[in-house]
Amino acid sequence: MTRKVHVTANVNGDAIEFLCEPQQTLLDVLRNEIMLTGTKEGCATGDCGACSVVLDGRLVASCLVLAVEAQGKSVETIEGMAKGDRLHPLQRAFLEHNGVQCGICTPGILIAARALLERNPDPTESEVRFWLAGNLCRCTGYDKIIRSVLAAAREMREARA
Amino acid sequence: MTTILEQSGYNSDRKLNVVGTTPVKHDGMDKVTGRAKFGADLMLPGMLVGKILRSPHPHAILKSIDISKAEALPGVKAVVTRADFPEHPEGTAIGDLSRNVIAREKVFYEGHTVAAVAAISESIAKKALKLIDVEYQVLPHVIDPVAAMRTDSPILHDYLRSKGVTGAENRRTNVIERLELGMGDVEAGFKQADVVVEREFKTRPIHQGYIEPQACVANHTEDGQTELWCCTQGHFVVRAQVSSILNMESSKIRVIPSELGGGFGGKTTSYIEAVAVLLSRKAGRPVKIVLTRSEVFRCTGPVAATQSRIKIGATRDGTFTAAEAEMVFQTGPFTGSMFYNAPQAVFTRYDLKNAKAVAYEVVSNRPKVNAFRAPCVPQAIFAAESVIDELARKLRIDPIDLRLKNAAGEGYTTIYGQTFGPIGVIETLRAAKKTAHYNAPLGPNQGRGVAAGFWFNRGGETTASLSVAPDGSVMLLLGTVDVGGSRISISMMAAEELGIPLDKVRAVVSDTNGLGYNMVTAGSRATFASGMVVVDSARKVINELCKRAAMIWGVPEDGVVFEEGHCRPASSNVGEFAPLSIADIAKQAGATGGAIAGHSELNVTGAGPGFGVHIVDVEVDKETGGVRVVRYTVVADAGKAIHPLQVEGQYQGGAVQGIGWALNEEYIYGEDGRLQNPNFLDYRIPVASDVPMIDPVIVEVPNPKHPFGLRGVGEVPVASTLGAIANAVTDAIGVRPFELPMSPPRLLKLIEQARATG
């Protein structure tokens with residue numbers, strides 16, 4: 001049997017430890033060891049974006065990251081997006097503008113969209129579309145997702161102004 | 001008591017407080033916080049990982065399977081093969097289903113399930129698969145449906161004889177059925193025509209492309225009971241299938257549906273559930289199976305490739321005199337394409353007197369074809385609407401005017417014998433013509449296309465219950481899985497009917513033990529049919545509330561009426577009583593006979609046919625053959641939009657799925673019959689930067705058979721897309737594509753051919 005590796009990481013602000021096989025992905029460990037199933041697997045090849053998380057400030061497809069690479073790093077997943085009962089403006093916007101249909105792509109899209117707005121608080125429609133081009137959605141046709149992101153960006157800018 | 005089947009109570013003057021508004025959907029919160037539990041999200045103590053061994057060959061005799069080495073691997077708790085499954089005769093519905101779930105005599109496609117293991121970890125399960133020895137005798141295969149029809153083609157099933165073909169009793173064949181529909185006299189009709197256009201079209205096989213791979217957890221206990229968690233469009237159907245594949249009684253199988261991460265028809269049947277149940281039975285522990293994306297592409301879903309010939313005749317003023325269609329639909333090794341929809345739908349929206357439509361379903365060495373959003377209709381409509389576009393060009397008539405000239409209306413009897421009530425063909429065409437989009441100028445290298453479409457909309461077996469809590473709030477138990485916002489829309493109808501705020505109503509989807517049988521969520525039926533049984537349940541509850549109020553007041557039952565959420569005396573003759581709210585009555589339910597609830601079980605009829613028109617502008621790069629969709633409008637008749645934002649989402653999502661189908665998506669098979677692009681990188685569905693905003697135009701021609709007038713909205717939005725985009729590309733490049741997808745290499749060839757011929 002493969003010897004497991006001990007890893008410590010910070011997940012959504014909590015210091016955690018886990019054991020994993022060397023070939024296990026971060027996605028696999030998040031879902032099946034730490035039981036944070038909000039991060040989804042749609043392809044496991046980095047093509048669909050459903051597993052998007054932020055690793056030390058960088059937006060990544062967690063299916064393409066080995067779990068051992070998380071050693072000493074911070075991981076942000078959908079479960080950490082709301083602060084207590086206070087939703088992130090993106091989460092509120094997706095509810096209000098019906099940016100959610102079946103919901104399987106939603107966690108990845110929210111994580112990716114937040115990463116965009118942190119870098120570019122005032123993106124154009126085109127910039128949102130290209131930033132989210134790595135996040136597949138088969139239900140919505142993207143229209144209401146894009147509108148949700150633009151609405152959240154507007155709200156966040158107004159809150160800052 | 002009269003059910004709503006006999007009396008919908010539809011009233012166009014009814015004042016609506018909830019229906020037609022756009023509240024946040026109740027299932028939204030869990031979906032934006034990551035709490036929502038999808039198929040792969042359930043974890044049980046002691047759970048094992050299930051993995052499937054699949055055939056590398058598209059067609060082979062399965063000579064032997066040796067599992068002894070796999071069984072001996074430490075950590076492996078169960079291995080199952082065909083030997084573990086009960087026998088079911090070939091060529092029967094259950095025989096087909098069971099052979100698709102696990103191969104018996106032969107494997108019929110690359111990826112066909114041959115064996116499965118359950119182990120304590122994924123890595124051990126994968127190792128075990130490699131230790132299974134399978135001996136195959138490889139046979140010649142056939143994938144193209146037209147090639148499969150030829151007499152010298154490899155034959156998949158020795159027992160198969162074509163239905164609907166005379167003299168076929170002794171002929172081995174791959175043609176499952178030939179279906180012919182007709183009306184009037186087609187030959188005479190073509191003789192009256194001044195112009196006749198006849199063309200042939202091809203579409204390639206595609207996949208539904210849901211983002212959530214199939215997943216399930218089976219937990220079988222020693223007393224023969226199974227709990228089965230899975231992502232499906234119809235958990236009652238999963239129960240029925242597992243029950244018949246494994247010869248288990250339905251009451252011993254409790255299926256709990258997860259949130260569904262997309263299905264689009266692809267999750268209307270089961271693949272892994274019976275396998276997981278058997279693994280769990282053998283191992284004595286819960287077993288989870290989650291498919292990989294590659295497995296999803298190679299073994300589930302897919303959609304028929306087609307070849308079709310369409311002929312339409314018209315007089316100089318544009319009146320259609322006759323129409324004829326001949327269409328071939330590919331299925332996998334077993335029936336399942338729902339090809340019979342195509343001859344019914346191909347011309348249905350036009351006021352034709354003379355028409356003939358023939359369709360074939362043909363087996364091939366692909367996975368068993370499954371439903372996809374308006375199954376087999378977009379391919380047929382693509383062909384028909386392309387021919388109509390050509391007629392409009394030949395006759396120099398505006399394409400919408402030509403369609404309006406021939407639009408079917410109320411009272412028209414279709415080629416399949418349905419006489420239409422109020423329908424929205426004319427209304428949607430007129431609305432399309434009035435849009436700013438249709439009247440806007442085009443840029444350079446751009447073209448505009450329109451196409452009209454149709455979907456039947458379905459009803460069917462549906463059940464629900466509605467319970468009033470002691471505090472007057474209301475719980476709905478639904479039997480149809482929510483695939484696109486049905487829970488909120490149905491809750492809104494319940495709130496409207498009961499005259500209470502939406503916030504007091506919560507809907508959950510029941511497991512299979514909680515309600516009577518329901519058909520799958522498909523055919524655009526869930527909001528319509530579950531809405532019917534919920535309104536029926538609400539009316540039963542209202543009846544009961546009036547009885548209880550009569551008891552409380554000590555007056556006759558007919559002395560009480562229910563208005564705006566309250567029981568009131570029917571007249572001053574009954575007596576002076578303050579109105580009782582639902583909460584007032586519910587509080588006293590114990591004293592007046594117990595809890596107040598209603599339930600309804602109906603085989604729902606009265607679905608209203610749906611029609612729509614798409615307008616699309618494309619820009620074609622003549623150097624690369626690349627197509628950019630620059631503007632898109634979907635006009636469709638919702639009957640009544642219960643929650644307009646949800647309806648818009650259906651219109652937009654349908655259109656973008658169609659854009660992928662028209663421009664990019666196709667299964668690419670090698671000479672060896674293996675799929676070469678089973679991943680989202682090489683099978684490219686539209687991404688956000690591929691498409692523009694999609695403008696929805698909701699037309700409302702009420703369906704009087706529904707209490708609120710609604711029709712289905714899930715499938716009409718994809719029906720017209722392929723045709724509209726093909727017509728727009730034709731407008732842009734001056735030459736018509738007859739084959740999908742209109743991918744850059746294919747289109748470039750067409751542009752170059754046109755250049756060469758001048």
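All values below were derived from every heavy atom in this structure, side-chain atoms included, with hydrogens, water molecules and symmetry-related copies excluded. Convention: sequence-line order gives letters A, B, ...; per-chain numbering from 1.
- Contacts of B/Thr292 with chain A are absent, with no heavy-atom separation under 4.5 Å from either backbone or side chain.
- Of all the listed residues (A/Arg31, A/Met35, A/Glu96), the one sharing the greatest number of non-hydrogen pairs under 4.5 Å with chain B is A/Arg31.
- Using a 4.5 Å cut-off between heavy atoms, B/Ile211 contacts chain A through both its backbone and its side chain.
- Chain A forms the most heavy-atom pairs under 4.5 Å with one residue out of B/Val483, B/Thr33, B/Val656, and that residue is B/Thr33.
- When only modelled atom types and interatomic distance are considered, B/Arg298 and B/Ser294 share a side-chain donor-acceptor pair under 3.5 Å.
- Looking at B/Ala40, the atoms closer than 4.5 Å to chain A (heavy atoms on both sides) sit in the backbone and in the side chain alike.
- Taking chain B as the reference chain and counting heavy-atom pairs below 4.5 Å, the highest number among A/Thr45, A/Asn32, A/Asp143, A/Asn135 is found for A/Asp143.
- Counted within 6.0 Å of CZ on A/Phe130, heavy atoms from surrounding residues, nucleotides or ligands total 12 or fewer; the atom is thus considered open.
- Only the backbone of B/Gln208 comes within contact range of chain A, with at least one heavy atom under 4.5 Å from a heavy atom of that chain.
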Steps toward side-chain contact (heavy atoms from CB on, under 4.5 Å) verdict (B/Val629, B/Leu663): CA-CA 10 Å; B/Val629 177; B/Leu663 297 179; 3.9 Å; yes
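- Note that the CZ atom of A/Phe94 and the CZ atom of A/Arg147 stand 13.0 Å from one another [nearest 0.5 Å].
- Interface remark: A/Ala44 contributes no atoms to any contact with chain B (heavy atom separation under 4.5 Å).
- Between B/Pro213 and B/Glu295, the closest side-chain pair of non-hydrogen atoms is not below 4.5 Å.
- Using modelled atom types and a 3.5 Å distance limit, the side chains of B/His207 and B/Glu665 yield no donor-acceptor pair.
- If you measure heavy-atom distances from A/Leu36 to chain B, you find no contacts under 4.5 Å at all.
- Under the 3.5 Å distance criterion, with hydrogens and angles disregarded, no donor-acceptor pair is assigned to the side chains of B/His643 and B/Thr22.
- Between B/Lys37 and B/Asp30 there is no salt bridge, since no side-chain N of the basic residue sits under 4.0 Å from a carboxylate O of the acidic one.
- B/Thr268 and B/Asn370 share a donor-acceptor pair across their side chains, judged by distance under 3.5 Å alone.
- Heavy atoms of A/Leu95 lying under 4.5 Å from chain B belong to its backbone as well as its side chain.
- When the candidates A/Arg138, A/His88, A/Gln91, A/Lys144 are compared by the number of heavy-atom contacts under 4.5 Å with chain B, A/Arg138 comes out ahead.
- For the set A/Gln101, A/Lys40, A/Arg129, the entry with the most heavy-atom pairs within less than 4.5 Å of chain B is A/Arg129.
- With a threshold of 4.5 angstrom between heavy atoms, A/Glu125 approaches chain B through side-chain atoms but not through N, CA, C or O.
- Of the residues considered (B/Val24, B/Asp41, B/Asp27), B/Asp41 shows the highest number of contacts with chain A, using heavy-atom pairs under 4.5 Å.
- A 4.5 Å side-chain heavy-atom check between B/Gln657 and B/Arg373 finds at least one atom pair inside the cut-off.
- Checked by atom type, the side-chain pair A/Ser126/A/Thr124 shows no donor-acceptor distance below 3.5 Å.
- Your options are B/Ala688, B/Gly34, B/Pro692, and the one with the most heavy-atom pairs under 4.5 Å with chain A is B/Ala688.
- Contact annotation for B/Met693: both backbone and side-chain heavy atoms come within less than 4.5 Å of a heavy atom of chain A.
- The two atoms that bring A/Glu127 and A/Pro123 nearest to each other are OE1-CA, 3.2 Å, heavy atoms only.
- Residues of residues 57-80 of chain A having a heavy atom under 4.5 Å from any heavy atom of chain B, listed by number: A/Ile78, A/Glu79.
- When A/Cys102, A/Gly141, A/Gly38 are compared by the number of non-hydrogen pairs under 4.5 Å with chain B, A/Cys102 comes out ahead.
- Between chain A and the options B/Gly654, B/Ser123, B/Gly75, heavy-atom pairs under 4.5 Å are most frequent for B/Ser123.
- No side-chain donor-acceptor contact under 3.5 Å links B/Gln676 and B/Asp682.
- Counting heavy-atom pairs under 4.5 Å between each of B/Arg684, B/Arg35, B/Glu122, B/Glu648 and chain A puts B/Glu648 at the top.
- Interatomic distance, A/Glu155 CD to A/Leu117 CG, rounded to the nearest 0.5 Å: 11.0 Å.
- Ion pairing between B/Glu259 and B/Lys267 fails under the 4.0 Å rule for side-chain N and carboxylate O.
- Residue contact with chain A, scored on non-hydrogen atoms closer than 4.5 Å, is absent for B/Pro696.
- Using a 4.5 Å cut-off between heavy atoms, B/Tyr651 does not touch chain A at all.
- Ranking A/Val100, A/Leu136, A/Thr140 against chain B, the residue ahead of the rest is A/Leu136, based on heavy-atom pairs under 4.5 Å.
- Counting non-hydrogen atoms of other residues, nucleotides and ligands closer than 6.0 Å to CZ of A/Arg92 gives a total above 12.
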